[in-house]
Amino acid sequence: MKRTIPFIVALVFAATTAWAETNSPPETNNEKDLKYWANAVASRIKVTGYAQAGYTATMQEHGNNTNTFDMKRAILMVAGEITPEFYAFFMHDFKSKDMQEYYLEYRPSKTFRLRFGQSKIELSMENPMSPTVLESIGPMSQSVYWLCGSDPLMANPAGRDMGLMAYGDLFNNKLRYVLEVVNGGQTNTADKDNRKNIIAKLEYRPEPNFRISASGQLGYGYAVNNSAYNTTVTEGETYRQNRYAVGVEWKSKKTGTDYHKNRCVTIRTEALGGKDGDCNSFGAYISSAVPIYKGFDFVAMADYMNYNTDAKLKKTNLMAGLQYWIFKKCRLQAQYTYSLRSDAMKMLQGNNQSIIQTQVQVAF
């Protein structure tokens, strides 16, 4: 991993030299060769990134209050089109100091693409989405965050895994399919149980701004910790780890990647469930964003999760707030969330609480 950053810097330097203008004498053959390769690299390499930081104040009923300025993420991404058929991608998080994604893709056609490496798993609609577009500062819904890896048994809050993925778009891009075979463990580590998880997903898009999604996972997990939420599995045990998710997303118009110019009404809802050992969990959320004035959007989210249906470990988060798109992918956010817990959940996480969050997002 230590060699990745110098490699990325070298690619960026090579790309920038292609734009340098000089008034030097006629070029030699060596200079022409250097310029050719610099232009070749610059035309194939794309560097992007974003950072998110903010302020969080938590006020617990009959409990302690906390507040802090916090850095959420500092991401650098480098994409390389090696040839029209081969594509490479790197993502590094300077906050966690980890490589988040690194993979190579073979793209013979839109109907079939093959990816090998580490990336976000395709369980649910929300997990593969970038935090730069999600409505909640959180940013994910409880069920997606939990079932895609943050469960203490997995201890993989990145929602990513290493493996092989085949995907493509059929019927004039109306149907998208994904099939993955992954380790089913933590990022940047080898498989601990020597068993693989299979993830399948279908998304139907009758219109570019409307999609229906169904995904599922069958496989095993290796418990790296004990969990107070699930006492049917103990640390070091290999256990069944199954998942399902169904959801719908609607936008009032077709959108692009310039979120300042392409603002629209967005509504997304999903229901997710899982079984880890003998513990069942279930969650559902609905999230929305509504433009109200110039760059301002009203955002809201209702988010329910039952972490253990037998123990009734239930929590509901109700969020409302505003976001202001400054330019393209840059925005300011301010939100209030009320977290309501069942009596059993209060024993683990404390009483109900109010959360005030602000965040600034800078992206390029």
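Residue numbers start at 1 and run along the sequence shown.
Using modelled atom types, no side-chain atom of Asn352 and backbone atom of Gln60 make a donor-acceptor pair closer than 3.5 Å. Asp151 places no side-chain N or O within 3.5 Å of a backbone atom of Leu147 that could act as its donor or acceptor partner. Within the 3.5 Å criterion, the main-chain N or O of Arg195 finds a donor-acceptor partner in the side chain of Asp193. Counting only distance, with no hydrogens or angles, the side chain of Gln359 and the backbone of Tyr55 share no donor-acceptor pair below 3.5 Å. Looking at Asp161, its side chain does come within 3.5 Å of a backbone N or O of Gly184 through a donor-acceptor pair. Using a distance-only test at 3.5 Å, with no hydrogens or angles considered, no donor-acceptor pair links the side chain of Asp98 to the main chain of Gln100. Using a distance-only test at 3.5 Å, with no hydrogens or angles considered, a donor-acceptor pair links the side chain of Gln361 to the main chain of Lys329. The main-chain N or O of Met71 is never found under 3.5 Å from a side-chain atom of Gln52 such that the two would form a donor-acceptor pair. With hydrogens and angles disregarded, no donor-acceptor distance shorter than 3.5 Å links the side chain of Gln217 to the backbone of Gly274. For the pair Ser342 (side chain) and Lys312 (backbone), a donor-acceptor distance under 3.5 Å is present.
By the 4.5 Å heavy-atom criterion applied to side chains, Leu322 and Ile292 are counted as neighbours. Side-chain contact between Tyr229 and Leu348 is present, with at least one heavy-atom pair separated by less than 4.5 Å. The shortest side-chain heavy-atom distance between Asn156 and Ser150 does not fall under the 4.5 Å cut-off. The shortest distance between side-chain heavy atoms of Gln353 and Arg341 falls below 4.5 Å. Put simply, the side chain of Ser281 does not reach to within 4.5 Å of the side chain of Thr309, judged on heavy atoms. In this structure, the side chains of His260 and Phe327 stay at 4.5 Å or more apart for every pair of heavy atoms.
Smallest separation of non-hydrogen atoms from Val299 and Gln335: CG2-NE2, 4.0 Å. Counting all heavy atoms, side chain and backbone alike, Glu270 lies closest to Gly247 at CG-CA, 3.7 Å. Looking at every heavy atom in both residues, Ser141 comes nearest to Glu126 through N-OE1, 2.9 Å. Of all heavy-atom pairs spanning Asn242 and Leu218, the tightest one is OD1-CA, 3.5 Å. A pairwise comparison of heavy atoms in Arg331 and Val133 identifies NH2-N, 3.9 Å as the closest pair. The minimum heavy-atom distance linking Met125 with Ser213 is given by the pair CG-CB, 3.3 Å.
Checked against the 6.0 Å centroid criterion, the rings of Tyr239 and Tyr220 do not qualify as a close aromatic pair.
Residue pairs meeting the salt bridge (Lys or Arg N to Asp or Glu O under 4.0 Å) criterion with at least one member in residues 225-254, sequence neighbours excluded: Arg211-Glu249, Arg243-Asp276, Glu249-Arg268.
In summary, of the residues considered (Asn65, Asn64, Thr66, Asn67), a side-chain contact (heavy atoms from CB on, under 4.5 Å) with Thr58 occurs for Thr66 alone.
Remark: Tyr336 OH is packed, more than 12 non-hydrogen atoms of other residues, nucleotides or ligands lying under 6.0 Å away. No more than 12 heavy atoms of other residues, nucleotides or ligands sit less than 6.0 Å from atom CD1 of Ile198. In Phe364, the CZ atom is crowded: over 12 heavy atoms of neighbouring residues, nucleotides or ligands sit closer than 6.0 Å. Within 6.0 Å of NZ on Lys46 lie no more than 12 heavy atoms contributed by other residues, nucleotides or ligands.
Checking Ser287 against Glu135 by side-chain atom types alone, a donor-acceptor pair falls below 3.5 Å. Side-chain polar atoms of Tyr145 and Asp303 form no donor-acceptor pair below 3.5 angstrom.
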(request) For the pair Ser143 and Tyr285, evaluate side chain to side chain donor-acceptor pair (under 3.5 Å) and give the outcome as yes or no after the intermediate values. (result) CA-CA 8 Å; Ser143 51; Tyr285 73 89; over 6 Å; no

(request) May I have the step-by-step check of side chain to side chain donor-acceptor pair (under 3.5 Å) for Gln349 and Tyr307, ending in yes or no? (result) CA-CA 12 Å; Gln349 294 189 353; Tyr307 293 82; 5.0 Å; no

(request) Test Asn230 against Thr232 for side chain to side chain donor-acceptor pair (under 3.5 Å), laying out the working first. (result) CA-CA 6 Å; Asn230 181 358; Thr232 71; 2.6 Å; yes

(request) May I have the step-by-step check of side chain to side chain donor-acceptor pair (under 3.5 Å) for Asn194 and Tyr222, ending in yes or no? (result) CA-CA 10 Å; Asn194 295 317; Tyr222 178 86; over 6 Å; no

(request) Give the intermediate values and the outcome of ring pair (Phe, Tyr, Trp, His ring centres under 6.0 Å) for residues His92 and Phe90. (result) CA-CA 7 Å; His92 183 84; Phe90 300 88; over 10 Å; no

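A salt bridge links Lys201 with Glu122: the distance from a Lys NZ or Arg NE/NH1/NH2 to an Asp or Glu carboxylate oxygen falls below 4.0 Å. Between Arg263 and Asp297 there is a salt bridge, since a side-chain N of the basic residue sits under 4.0 Å from a carboxylate O of the acidic one. Glu81 and Arg44 are not joined by a salt bridge, as no carboxylate oxygen comes within less than 4.0 angstrom of a charged side-chain nitrogen.
Between Phe282 and Tyr304, the two ring planes are tilted [angle within 30° to 60°].
A distance of 5.0 Å separates CG of Leu76 from CZ of Phe94, quoted to the nearest 0.5 Å.
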